[in-house]
Amino acid sequence: MSYLYLFIGLTALVVGGEYLVRAAVGLSFKLKLSKMIIGLTVVSFATSAPELLVSLSAALNGFSAIALGNVVGSNIANIGLVLGITALISPIAIDHDFYKINWPVMFSVSLALTFLLIYHQGISFWAGSGLFACLWVYLLMLIKRNKRETMQEEQSIEGLDDTLAVVSGFKIGVWLLIGALALYYGSEWLVKGAVDIATQLGVSQRVIAVTVIAVGTSIPELAASVIAALKKEKALSLGNLIGSNIFNIACVLGLTSMIHPIKINAAEFLPLDLYWMIGFAVALLVLILLPSPHRIGRYEGLFLLIAYAVFITTTIQ
């Protein structure tokens with residue numbers, strides 16, 4: 001039954017996240033927000049909803065290891081698994097925003113999270129507020145940069161479906177309801193199943209969180225990346241994945257700790273997971289700069305996949 005809860009929970013999160021993104025974008029068009037603002041803010045918030053609901057549900061139920069493991073494991077999976085597979089299918093070009101904004105911000109919030117968890121054994125309300133404030137600074141930087149680079153308001157935004165501009169208000173309402181219910185119950189079932197499985201197998205909740213749950217909540221990014229790579233499109237760029245990692249820390253953990261401060265102990269969460277997250281971030285920069293500058297090819301993708309396999313192997317042992 002525990003595995004059924006886990007499977008149904010993951011499925012509900014994927015479905016709920018998709019409906020929430022559609023509803024959010026459709027509603028944004030109704031409110032006449034620009035495509036750029038929708039792409040940088042609304043879509044990003046909506047796609048972080050599964051991680052947010054899982055972490056919030058886990059924290060409120062006293063499972064801090066799952067709340068943290070979900071985010072840390074998802075960030076590792078986004079680089080090692082998602083980016084690795086995508087690069088194997090089709091090489092990825094790197095834009096200037098990666099060096100100037102995306103990677104520095106991702107690395108900074110990753111270091112901040114590591115410091116908070118190792119030296120303060122958790123994330124307080126004020127620390128979470130600080131992380132959330134960093135998110136808004138990041139978004140303002142992106143918006144300002146995009147406005148400066150182009151004045152074409154009707155430009156095509158990656159991952160944004162223009163057909164949603166003509167969706168009826170009733171359909172948007174139905175999508176919101178489906179998305180909200182699926183995300184709520186999906187997160188509850190996923191956390192319940194994960195806790196039960198960890199108990200049955202005699203492993204820590206952290207192990208389940210940084211492996212099964214993290215990969216599960218990264219499925220939307222993985223699916224979108226693989227489809228885009230197969231079609232030779234740039235529907236999901238490296239910037240989107242890095243942005244997802246920033247949202248996971250600054251938005252998911254920031255908001256969660258503002259609602260319910262996160263406290264951990266050494267038995268629940270290992271600093272090694274944080275070091276893996278930092279290591280993947282550093283490795284990504286090195287792989288981009290050294291072998292073939294400004295791109296991630298198939299060899300780099302293979303390296304990331306092997307590194308992720310090592311991470312999973314050492315975690316479950």
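No experiment lies behind these values; they were computed from the predicted model shown.
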Next on the checklist: Does either side chain, that of Tyr138 or that of Asn102, offer a donor lying less than 3.5 Å from an acceptor on the other one?
Outcome noted: yes

Checklist entry - Does Asn70 use its side chain to pair, donor to acceptor, with the backbone of Ile66 at less than 3.5 Å? => result no

Checklist entry - Hey, what do you get for CG (Asn78) to CG (Asn245), rounding to the nearest 0.5 Å? => result 4.5 Å

Checklist entry - Can Val252 be reached from Leu274 by stepping across I, L, V, M, F, W or Y side chains whose heavy atoms are under 4.5 Å apart? => result yes

Item to check | Nearest non-hydrogen partners of Val109 and Cys134, listed with the distance | outcome: CG1-CB, 4.4 Å

Checklist entry - Looking only at heavy atoms, which two atoms of Ala65 and Arg206 are closest? And how far apart? => result CB-N, 4.2 Å

Next on the checklist: Angle between ring planes, Trp175 versus Tyr19, binned at 30° and 60°: parallel, tilted or perpendicular?
Outcome noted: tilted

Checklist entry - Is it true that Phe247 and Phe98 fall in one hydrophobic cluster, defined by side-chain heavy atoms closer than 4.5 Å? => result yes

Checklist outcome for this item: Pro261 and Phe125 have their tightest heavy-atom pair at CG-N, 4.2 Å

Checklist entry - What pairs with Phe170 under ring pair (Phe, Tyr, Trp, His ring centres under 6.0 Å), at least two apart in sequence or on another chain? => result none

Item to check | Common cluster, Ile249/Trp126, ILVMFWY with side-chain heavy-atom separation under 4.5 Å | outcome: yes

Next on the checklist: Within this structure, what is the CD1-CZ distance for the pair Ile262 and Phe63, rounded to the nearest 0.5 Å?
Outcome noted: 14.0 Å

Next on the checklist: Would you call the rings of Phe280 and Phe311 parallel, tilted or perpendicular, taking 30° and 60° as the class edges?
Outcome noted: perpendicular

Next on the checklist: So for atom CZ, which belongs to Phe132, do other residues, nucleotides or ligands contribute more than 12 heavy atoms lying within a distance under 6.0 Å?
Outcome noted: yes

Item to check | Check: Met277 and Leu113 side chains under 4.5 Å, non-hydrogen atoms | outcome: yes

Item to check | Gap separating the CD1 atom of Ile259 from the OG1 atom of Thr256, nearest 0.5 angstrom | outcome: 6.5 Å

Checklist entry - Is Trp103 reaching over with its side chain to a backbone N or O of Val282, donor-acceptor style, under 3.5 angstrom? => result no

Checklist entry - Are side-chain heavy atoms of Tyr308 and Leu83 found at a separation under 4.5 Å? => result no

Checklist entry - If Ile, Leu, Val, Met, Phe, Trp and Tyr residues are connected whenever their side-chain heavy atoms lie under 4.5 Å apart, and connections chain through other members, are Leu302 and Leu285 in the same group? => result yes

Next on the checklist: Tell me the closest heavy-atom pair linking Ala214 and Ser74, and the distance in Å.
Outcome noted: CB-N, 3.3 Å

Item to check | Ile197 side, atom CD1; Leu6 side, atom CG - distance, nearest 0.5 Å | outcome: 4.5 Å

Item to check | Side-chain donor or acceptor of Ser64 paired with backbone N/O of Lys263 under 3.5 Å | outcome: yes

Next on the checklist: Let me check something: do Phe115 and Leu68 share a hydrophobic cluster, defined by ILVMFWY side-chain heavy atoms less than 4.5 Å apart, either directly or through other members?
Outcome noted: yes

Checklist entry - Between Ala67 and Ser55, what is the shortest heavy-atom contact and its length? => result O-OG, 3.0 Å

Checklist entry - So, Ser257 side chain and Gly254 main chain: donor-acceptor pair closer than 3.5 Å or not? => result yes

Checklist outcome for this item: Distance col, row Ile242:CD1 vs Ile94:CD1, nearest 0.5 angstrom, shows 8.5 Å

Next on the checklist: In the structure I gave you, are the side-chain heavy atoms of Leu272 and Thr315 within less than 4.5 Å of one another anywhere?
Outcome noted: no

Checklist entry - What heavy-atom pair brings Asn61 and Ser57 nearest, and what distance separates the two atoms? => result ND2-O, 2.6 Å

Next on the checklist: For the CG atom of Leu135 and the CG atom of Leu253, what is their distance to the nearest 0.5 Å?
Outcome noted: 12.0 Å

Checklist entry - Looking only at atom types and distance, does a side-chain atom of Arg298 sit under 3.5 Å from a main-chain N or O of Pro91, one as donor and one as acceptor? => result no

Checklist entry - Are any of the side-chain heavy atoms of Leu255 and Leu56 separated by less than 4.5 Å? => result no

Item to check | Tyr99 atom OH: more than 12 heavy-atom contacts under 6.0 Å | outcome: yes

